[in-house]
Structures are given as structure tokens and as C-alpha cells.
Amino acid sequence: MTPLRPVLNRPQRKGRTSMNLFTDMHGLVIESLGRMQAEGTLPKGLAFDNVAVEPPRDPAHGDMATNAAMVLARPAGQKPRDIADALAVRLASDPRVALAEVAGPGFINLRLAPTVWQDVVRNVLGEGAGFGRPAAGGGRKVNVEYVSANPTGPLHVGHTRGAVFGDALANLLEYAGHDVTREYYINDGGAQVDVLARSVYLRYLEAHGQSVEFEDGTYPGDYLIEVGQALKDEVGEAYIDKPEADWLADIREFATGRMLDLIRDDLSALGVTMDRFFSEKSLYGTGRIEAALATLSDKGLIYEGVLDPPKGKMPEDWEPRVQTLFRATAHGDDVDRPVKKSDGAWTYFAPDIAYHYDKITRGYDALIDVFGADHGGYVKRMKAAVSALSDGRVPLDIKLTQLVKLYKNCAPFKMSKRAGTFVTLRDVVDQVGPDVTRFVMLTRKNDAPLDFDFDKVLEQSRENPVFYVQYAHARVCSVLRKADGAGITVDDATLEAADLSGLVHEAELTVAKKLAEWPRLVEVAARGHEPHRVAFYLYELASDLHALWNRGNDMPDLRFLQEGNAAASQSKIALARAVAVVISAGLGILGVTPVQEMR
RNA sequence: GCACCCAUAGCUCAGCUGGAUAGAGCGUCGCCCUCCGAAGGCGAAGGCCUCAGGUUCGAAUCCUGAUGGGUGCGCCA
């Protein structure tokens, strides 16, 4: 069990609704069940763990529903309807409950009083962005590792999705009250940075006027031309006609430094800022890999052995070899994994183990890795390693991001390094901007493939969720500007203190009810590590606002601005402003700027 | 051969870790601006949740198997 850090709990205010209505009502149900036990209506010793209070799918079923009667029927040895009837009577006596009725197989549907929803609006205005923060349950120290692309070139579209997802997830967890570290693991210890160095060397020679040829095993990308030039500017002719041994290490360091600058810039253009870049190279020659493996060895999880050949796809040059293996099968993997090559050098897996060991020793309560879907094969071994190193104490969740399919005008956009149509993160951000890039990348679950059409994402129509949500926010801002122009005070403190009892129309309450879902949404999304839920929620909230706005066409009473009636205007604008506050908070999690007006 | 991910409306996808009659957008059809808040809104049609079993009060959701698609599989990181 992970130890929970002390959390500053916001004291529950008695007699008032707190921020998460669903936990409030859940509390009421549990409390009522307890009373029923005390008076003998229910047997003692029942577990209430599975009692849930949830929004029903069909709004006709009320505002909230609880399954308590059905869950408890069997352990209590009573009929669900009997329990439900008794519980419903108790629930109905609470002032917040307008109606409690038993339905279906034993659900209790609750309809809440309008004042409850008016309080929600008031709470949003009072708490601001803090409205969605759970009062408790946060406070864990979490490490989110994402991007972690090799420092050998610019980031491409695939990295972009991982970057956006990881960043939004980190934001989400932070919003939910966790202490989050955003981290990038630099693969600067392996052979690929030697390849980078050799490629830069060729560009360096080129900068000196020599003609060069890029053989297999070098990177021919144009982006290294300036690196070669910069190297020339720095060292002059020092490396010309010198053996590789003289320059490899120097150029490697020079080149990876340059690449990291490039990557940092790319990420920055996307609005991603890492807390820490962790160098793989820093693990070598410092005994840290050895230490991590010694830890595994102490647990009897390292041994010398021979692996079976993979079936079905036998490599041509396969022959049995004795290797140093990690007993990953003891922690859920399918086969044991080599940590040393036959020449005695570490495999890539060894520093990965050491890196995760480092994260564990830094005291994180939970680790999250964001990988591309093509790295799915490493999930089990990485989890096995973390499980072994932490004795199962630190959970590691690995999120895989699926491919991004690019389109231009509905036609697939083929990427080819050779044809020069290789699409980089910078290409995407330069063309459509960071806000659109981020939002669109989050309109799909991480494990579902994503279609990205350069033209469609910039379209200003309902079909485009980015626009649709931004527009809702801009509309509210527009109302605030107009009210201000009409001499109505609309700062948050004034709106919070306004008389909201006029907010009773079904179209208005629908919006308030959607606002009430926000804390619960945050909780669910954070628990499941699913930031895309925020994007979908914002779309729904925007939709409710647009619907209400349009009702104003037919029903002037529903307009936010009530001609000549400041008090009425303030109560309605309070609702609109509350929507803007939540949209703004949600967009903040996604890393998208809420705009004041559309252009 | 094995592992992981996926399969929901004609299309693109949600579905809150087991709840009631499975939702949204696009597309199709119908409606709402002489003026008042149309970059929007309202309504209709559209489903054997790939298939077959199982678990239980209850399954798109969990388990097993099948089919179809994606990814990966000892000295590449």
C-alpha cells in the first residue's frame, strides 16, 4: 500500500453543499443507511463499499440515482424494493432532496431542489479554478515521464501526441491535487548518439567545403547542416582528417546538446515545459546501473541463462547464448529479459531499470510512463522491473499513445523522409497553432488512432470541438463586456453574492447541473489517467451553454442580459460566468488558452 | 507461434472501471433569422454494441473461446 501523505482537508461545511455534490449525496445515503441500522431496519455489519451515487443516463430519472438497495439486498437478506422504500423516505426528509422515488429494479432516483443547483453556481464563482479540486484524495507524489524521444533530431507528429497527452495528464493530476513531476528521459547513452555524432561530423566536413556521402547508418536530415556549421564555427579545422577516436565523444556531446535545445524549443512551441531532463548517460560509469541490478540480484532475480528462440519468427542468425537475465516472469512478464549483451555491455533495458529505480528512490507514490504504441512490447518488462525494485509498493502505469494519421483536405498525407514530406511537431504547430494542436490531440482516447486534418482543425464550425468550446467561452466574455458597458457590476465577488433564486428554468438548471458534474469528472479522469474526458466534458458544457443562449431567441426571459434589470441580469450572468470559469479551468488542464473573442 | 491494444448508428467516435429505453458530431430528412443574441439552436430517421458461451438481481463494460484489424517479439535504443 502506498502511504498517503497528509492532506489539508477542506472542512466539510455542515448544512451547505460542498464542492462535489455527488460525494455530498453519497455521504447522505451512507449516513441514512447507518441510521437504518441503528433503528434495526437494516442488519448491522453490512459493507457499504459498493453503494454508489451517480448521474443517471436518462435525465428523466432525476438528477442522481443510488443503487444502495440493490447492492445491499442480498447481504441484508431483504428485498431490494423494501430497502429502497425505507431509504427513500429518509432521503426525502433532507432539505436538499426535492423528490426521492423508487424505480426499476430498486434504484432510488433523487431530484434535488433548485437551491442546490443555485449553490453550485455560487460555489464555482467563489472557488474559481479550485472548484474542481477534490477536497481530499490528492496529495500523492507522481512522476509523469513523456516524450523521451531520442536526441537525434526534431520531434515529429507521433511525439506530438505523446507530448500533448503526457502534459495534459500531468496538468490533470496536478489539478486533482497531486504533486507532479514532468520528466523527459534522454536516451543519450546508446549507439544512436554515436550515429548522430558521425552524421554531424559529415556536415562539419561539408561546412568546410568537402563533399560527403551519407552512408546507411547515418542521419542525412537537413537539420544537421546548421549543427555542422556551428561546430565549424566553434572548433575550426580541429577535427579535419582526424581519426574518429579523437572527436567522437566531443561531437557527441556537442550534437546532443544542440538536439536537446531543438527539442526544448519544439516542446516550448507546443506549450510543454519539463521539470526535469534525465540523462541516460548519467547512469553509466557511476555505479548506478550496477546498484539497481544488485538490488534485483539480492532478491534472486538475476541469473545467467539461455533464452528460447522466439517462435514463428526465427531470426536468421539465432543461436543459443548465455546471457545475464532478469527474472521478469516472477513479476508478470512472459519471458525473462536480458540485461547484458553477449559482449558484456548493458542492453538498453539495464539503464531503463536503473532510471526507474532512481525514480522509485526519489520517493514517488506512483509512476506513469507515456510511450508510443510501437513500444507496447516493453510494458510488461518495465512493470515487472518496477514491481520487483519497489516490492510492489510503487504502481507504474504505462499509457500508450496510438498513431496519428495526417490528412490535408480529407486526403491522406503521406509522410516520407526521403521525399521531404516528413512532418515535424514544428510543422504542425506553425500551421495550426498550439491550442488547436493540443485540443484536437485530446479529442480521442490515447489508445485510439487519431485522424488529424490540417484543414478541418482550423474550420470554424460546430464540427470542430476546439472552435465550439472556445466560442462558448468567448460568448460569455461578450456578455460580460456588454453588461459592463451597460453599467452592471459583474465581477465575481458581486456575482457570487447575487440573489440566484431566479435561476429556476429547466434550461438554466441543465447548465448548472452540468457544472455540478465537473468535480466528479476531474476525479474520474484523474483516477483513470484519462485527460480526454476533460475535452469531451467541455464540449458538452459548451453545448449546454449554446442551447441556453439560443433559447434566449424565443424567450427573452432567458437572456443573460435583462434590459433595465441589473439584479436579474446579475443572477443570469452569474450562471454564464460560472460556465466560463469551468471552461477556463478545463482548457487550462488541456493546455489550451481560453479566448476572449473569436476572430 | 506468443504477448499487448482495438472492434459501438452509413462515416468519425464517446460511453464515468457492472446499472434502467446505449449517446454525440458528420451525413440524410424537416424546422427556427423583415426585428429582437443564427459562427448557433430544435426535431426525425438510423443499433443483434463483431460472433458464441460464462459470471449475477443486471453486461457494450468482467471471464473464456472464435473472427477481423493494429503493434511488438534475444546481442536496436
Side-chain angles (χ1 to χ4, degrees), chain A residues 22 50 52 54-58 60-61 65 67 69-71 73-74 79-80 103-107 109 150 152 187-193 195 280 306-315 317-321 323 325 333-338 340-345 347-349 351-352 372-380 398 400 402-403 443-445 447-451 459-465 467-468 471-472 474-475 478-479 482 517 520-521 523-525 527-528 530 532-533 535-537 539-540 543 546-554 556 558-561 563 598:
Chain A
F22 292 92
N50 293 325
E54 295 173 321
R57 264 204 289 230
D58 186 348
H61 291 140
N67 60 357
M70 286 178 294
V71 172
R74 180 189 286 267
K79 288 179 186 168
F107 285 103
N109 293 328
N150 289 342
T152 55
N187 288 109
D188 56 359
Q192 79 281 2
V193 285
V195 173
E280 174 194 357
V306 179
L307 288 176
D308 291 334
K311 290 173 183 162
K313 186 193 165 192
M314 171 74 85
D317 58 347
W318 195 90
E319 49 187 276
R321 290 219 170 88
Q323 294 173 293
L325 301 169
D333 202 351
D334 309 302
V335 291
D336 294 337
R337 305 290 180 176
K340 265 188 187 177
K341 303 177 193 174
S342 54
D343 66 1
T347 63
Y348 65 89
F349 187 40
D352 270 350
D374 54 342
H375 287 62
Y378 307 116
V379 170
K380 280 192 177 182
I398 299 183
L400 302 177
Q402 266 294 344
L403 294 180
T443 52
R444 213 104 299 177
K445 285 183 297 201
D447 53 6
L450 171 75
D451 293 342
E459 222 168 73
Q460 297 209 341
S461 73
R462 167 161 200 179
E463 193 182 344
N464 183 353
F467 161 78
Y468 192 70
Y471 183 41
R475 271 184 152 175
S478 162
V479 168
K482 278 187 184 167
E517 288 178 24
R520 179 183 153 81
L521 187 284
E523 186 188 318
V524 167
R527 185 183 41 193
E530 296 170 328
H532 75 276
R533 286 185 190 279
F536 281 92
Y537 169 83
Y539 185 87
E540 291 168 12
S543 180
H546 288 310
L548 174 58
W549 182 287
N550 247 66
R551 294 291 287 275
N553 289 335
D554 303 326
L558 289 181
R559 296 183 187 179
F560 296 113
L561 217 45
E563 196 87 15
M598 306 302 290

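All values derive from a computational prediction rather than experimental measurement. The sequence lines fix the lettering, A, B, ..., with proteins before strands; numbering per chain opens at 1.
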What are the atom names and distances for every N/O pair under 3.5 Å that joins the protein to nucleotides 43-46 of chain B?
none

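Ring geometry, A/Tyr471 versus A/Phe467: the interplanar angle falls under 30°, so the pair is classed parallel (tilted spans 30 to 60°).
The base-pairing partner of B/C2, taking Watson-Crick or G-U wobble contacts with both distances under 3.5 Å, is B/G72. A 3.5 Å limit on both hydrogen-bonding distances identifies B/A44 as the Watson-Crick or G-U partner of B/U28. With a cut-off of 3.5 Å on both pairing distances, B/U55 has no Watson-Crick or G-U wobble partner at all. Across all strands shown, B/A60 forms no Watson-Crick or G-U wobble pair with both key distances under 3.5 Å. If you check B/C35 for Watson-Crick or wobble pairing at under 3.5 angstrom, you find it has no partner at all. Summarising the base pairing, B/U67 is matched to B/A7 through a Watson-Crick or G-U wobble pair whose two defining distances lie under 3.5 Å.
B/U8 sits 27 Å from B/G30 when the C1' atoms are compared, rounded to a whole Å. Only the P atoms considered, B/A66 is 9 Å distant from B/C2, to the nearest whole Å. When the P atom is compared between B/C49 and B/A44, the two are found 22 Å apart, to the nearest whole Å. Separating the P atom of B/G58 from that of B/G54 is a span of 13 Å, rounded to the nearest Å. Of the P atoms belonging to B/G25 and B/C42, the separation is 8 Å, rounded to the nearest Å. Rounded to whole Å, the separation between the C1' atoms of B/A22 and B/G18 comes to 14 Å. B/G70 sits 35 Å from B/U55 when the P atoms are compared, rounded to a whole Å. Comparing the P positions of B/G47 and B/C31 gives an interatomic distance of 24 Å, to the nearest angstrom.
For the pair A/Phe536/A/Pro465, no side-chain contact is recorded, criterion being any heavy-atom separation below 4.5 Å from C-beta on.
With hydrogens and angles ignored, a donor-acceptor pair under 3.5 angstrom links the side chain of A/Asn550 to the base of B/G40.
Distance A/Leu403 CG to B/G69 P: 17 Å, rounded to the nearest Å. When rounded to the nearest whole Å, the span between CG of A/Asp554 and P of B/C31 equals 17 Å. A/Arg551 has its CZ atom 19 Å from the P atom of B/G40, to the nearest Å. Rounded to whole angstrom, the span from the NE2 atom of A/His375 across to the P atom of B/C76 amounts to 15 Å. Put simply, OH on A/Tyr468 is 17 Å from C1' on B/U12, counting in whole angstrom units. The CD1 atom of A/Ile398 sits 14 Å away from the C1' atom of B/G72 (whole-angstrom rounding). Rounded to an integer number of Å, the gap from CG of A/Asn50 to C1' of B/C62 is 14 Å. For the pair A/Asn553 CG and B/A38 C1', the interatomic distance rounds to 7 Å; values are reported in whole Å.
Between A/Pro320 and A/Lys482, it is A/Lys482 whose nearest contact on RNA chain B lies nearer the 5' terminus. With the nearest nucleotide of RNA chain B identified for both A/Asp188 and A/Arg337, A/Arg337 has the one nearer the 5' end.
Listed by chain and residue number, nothing satisfies the ring pair (Phe, Tyr, Trp, His ring centres under 6.0 Å) test with A/Phe22 (two or more places apart in sequence, or in another chain). Not counting sequence neighbours, the partners of A/Tyr348 by the ring pair (Phe, Tyr, Trp, His ring centres under 6.0 Å) test are A/Tyr378. Legend: residues meeting ring pair (Phe, Tyr, Trp, His ring centres under 6.0 Å) with A/His61, ordered by chain and number and at least two apart, are absent. Under the ring pair (Phe, Tyr, Trp, His ring centres under 6.0 Å) criterion, A/Phe107 pairs with no residue at all, not counting sequence neighbours.
In this structure, A/Glu563 reaches neither bases nor backbone, as no heavy-atom distance under 4.0 Å exists between it and the strands shown. At a threshold of 4.0 angstrom between heavy atoms, the contacts of A/Leu325 with the nucleic acid are absent.
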Do A/Leu400 and A/Asp447 pass the side-chain contact (heavy atoms from CB on, under 4.5 Å) test, and can you show the C-alpha distance, the side-chain angles, and the key distance before you say yes or no? CA-CA 6 Å; A/Leu400 302 177; A/Asp447 53 6; 5.8 Å; no

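Distance check: A/Lys380 NZ to A/Asp334 CG gives 3.5 Å after rounding to the nearest 0.5 Å. Interatomic distance, OG1 of A/Thr152 versus CD of A/Gln192, reported as 6.5 Å (0.5 Å rounding).
Counting only heavy atoms from C-beta on, A/Lys341 has its side chain closest to B/C75 among B/G40, B/C75, B/C57. The A/Arg321 side chain lies nearest to B/G74 when the options are B/C42, B/C36, B/G74.
Side chain of A/Asn67 to backbone of A/Ala52: a donor-acceptor contact under 3.5 angstrom is found. One N or O on the side chain of A/Asp188 and one on the backbone of A/Glu280 form a donor-acceptor pair closer than 3.5 Å. At distances below 3.5 Å, not a single donor-acceptor pair connects side-chain atoms of A/Glu517 with backbone N or O atoms of A/Pro55.
For B/A24, neither phosphate oxygen OP1 nor OP2 lies less than 4.0 angstrom from any side-chain nitrogen or oxygen of A/Tyr537.
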Protein heavy-atom contacts under 4.0 Å, written 5' to 3' over nucleotides 14-21 of chain B as B (base), S (sugar-phosphate only) or - (none), form the string SSBS-BB-

